[in-house]
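Scope of the values below: all heavy atoms of this structure, side chains included, with no hydrogens, waters or symmetry mates. These numbers come from a predicted model, not from an experiment. Indexing begins at 1, ligand by ligand and atom by atom, following the structure's order.
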Amino acid sequence: MPAPSDHNASNSLLPHYLQEDFGTQGFRELISSLPKEKGWLTPNIYNYKGFWFGAFHLQGALRFQQHFQAQDSDILLITLPKSGTIWLKALIFAVITRKHFLVSQETHPLLTNNPHELIPFVDVSYARETTPDFPLSNGVRVLSTHFPYPFLPESVREKNCKLIYLCRSPKDTVVSYWHFANKMRGEKSENNKEMKEISLEEAVENYCRGVSLGGPFWDHTLGYWNQSSENPRKVLFVKYEEIKEEPEAHLRRLAAFLGCPFSKEEEKGGVVGEILRLCSFDNLSGLEVNRSGKGVFGNNNSVMFRKGEVGDWRNHLTDEMASRIDQIVEEKFNGSGLKP
Ligand code: A3P
């Protein structure tokens, strides 16, 4: 249901997530009181309680905190942008629904739906509506978010729902994010002259200052890392690079964490390999729905798929940029036991 007291934004040519002039009077007053910087995907991003988000996401965060009631069976997938969200969504959807949708079947939902349609972002759903309905995957709600741990509603902490955090090397993430931001800006620049390309220098500079959606990346990642150490039955911490290196082992780990480990028959029948093939970069990126379909922001789904490789930063970052990010990682993660 749309929020009744929302003020309609004046520039209707812009998609909702690029608009700033919306929401209740109280929300607009809040936004105008926050520290702001130029955004990557949106005109501005704002610092709210230590983390950077666009106005659209902040609207979502506030409503999520206020209205979301977690259930014990909920599964929440958490990422920073460009750390492999779509891959995680595809893997988890296939794992959770494998009894209903045999992975080998020609009508598997992942063959005709972008993973973001099957597992919605609570950020986007709550930014659009005060009380969104969420689909069930095999009887459970599987949702995703870019919000940091302190933004989660109280009920998520209290209930026995499961959280999976996917982390990716910051150097590959910033390169991926930079490409993505420019593709998205390119698609929108017709209607918004402010959305011209951002340079890699500017992107790295902002990323290193913590100014990127969901950033500072170190606080976002450490928040969930600490939770996974304190409560490993509730929060599973996974790295993109680990899944790439040992996909079968990590898929088994994800399934076991969610309480649906692969049976002996499934192992014998090669289900683990089938899921990995279904969700592979080559398979997903080649599907019609992901080549020419439209995404949640009116974007082309193809912008979600670029290379899907580990170490592509070497083709883009200068030595100076790479060592600056390495230094930040060294400093911020020192003593945590985590090396992202
Ligand atoms: P690159 O830009 O490095 O290629 P997100 O889903 O969080 O937006 O992350 C996007 C990144 O994940 C992009 O990285 C994209 O190519 C990569 N990606 C998409 N699908 C993938 C898959 N099935 N396996 C591995 N990586 C994938």
Should the pair [X] and [Y] be classed as cation-pi, given the thresholds of under 6.0 Å to the six-membered ring centre and 45° from the axis?
{"X": "K244", "Y": "W87", "result": "yes"}
{"X": "K268", "Y": "F262", "result": "no"}
{"X": "R63", "Y": "F68", "result": "no"}

For [range], pull every pair meeting salt bridge (charged side-chain N to carboxylate O under 4.0 Å, His left out), keeping only residues two or more places apart or in separate chains.
{"range": "residues 328-340", "answer": "E330-K339"}
{"range": "residues 314-323", "answer": "none"}
{"range": "residues 161-173", "answer": "K171-D326"}

Between ligand 1 and the protein, which N/O pairs fall short of 3.5 Å?
unit_1, atom_1, unit_2, atom_2, d
ligand 1, 2 (O), S176, OG, 2.6
ligand 1, 2 (O), R306, NE, 2.7
ligand 1, 2 (O), R306, NH2, 3.4
ligand 1, 3 (O), R168, NH1, 3.3
ligand 1, 3 (O), R168, NH2, 3.0
ligand 1, 3 (O), R306, NH2, 3.2
ligand 1, 4 (O), K307, N, 2.7
ligand 1, 4 (O), G308, N, 2.7
ligand 1, 6 (O), T85, N, 3.1
ligand 1, 6 (O), I86, N, 2.9
ligand 1, 7 (O), K82, N, 3.1
ligand 1, 7 (O), S83, N, 3.1
ligand 1, 7 (O), G84, N, 3.0
ligand 1, 7 (O), T85, N, 2.8
ligand 1, 7 (O), T85, OG1, 2.5
ligand 1, 8 (O), K82, NZ, 2.7
ligand 1, 9 (O), G84, N, 3.1
ligand 1, 14 (O), R168, NH1, 3.1
ligand 1, 14 (O), S176, OG, 3.4
ligand 1, 16 (O), R306, N, 2.9
ligand 1, 16 (O), G308, N, 3.4
ligand 1, 23 (N), C279, O, 2.9
ligand 1, 23 (N), F281, N, 3.2
ligand 1, 26 (N), Y240, OH, 2.7

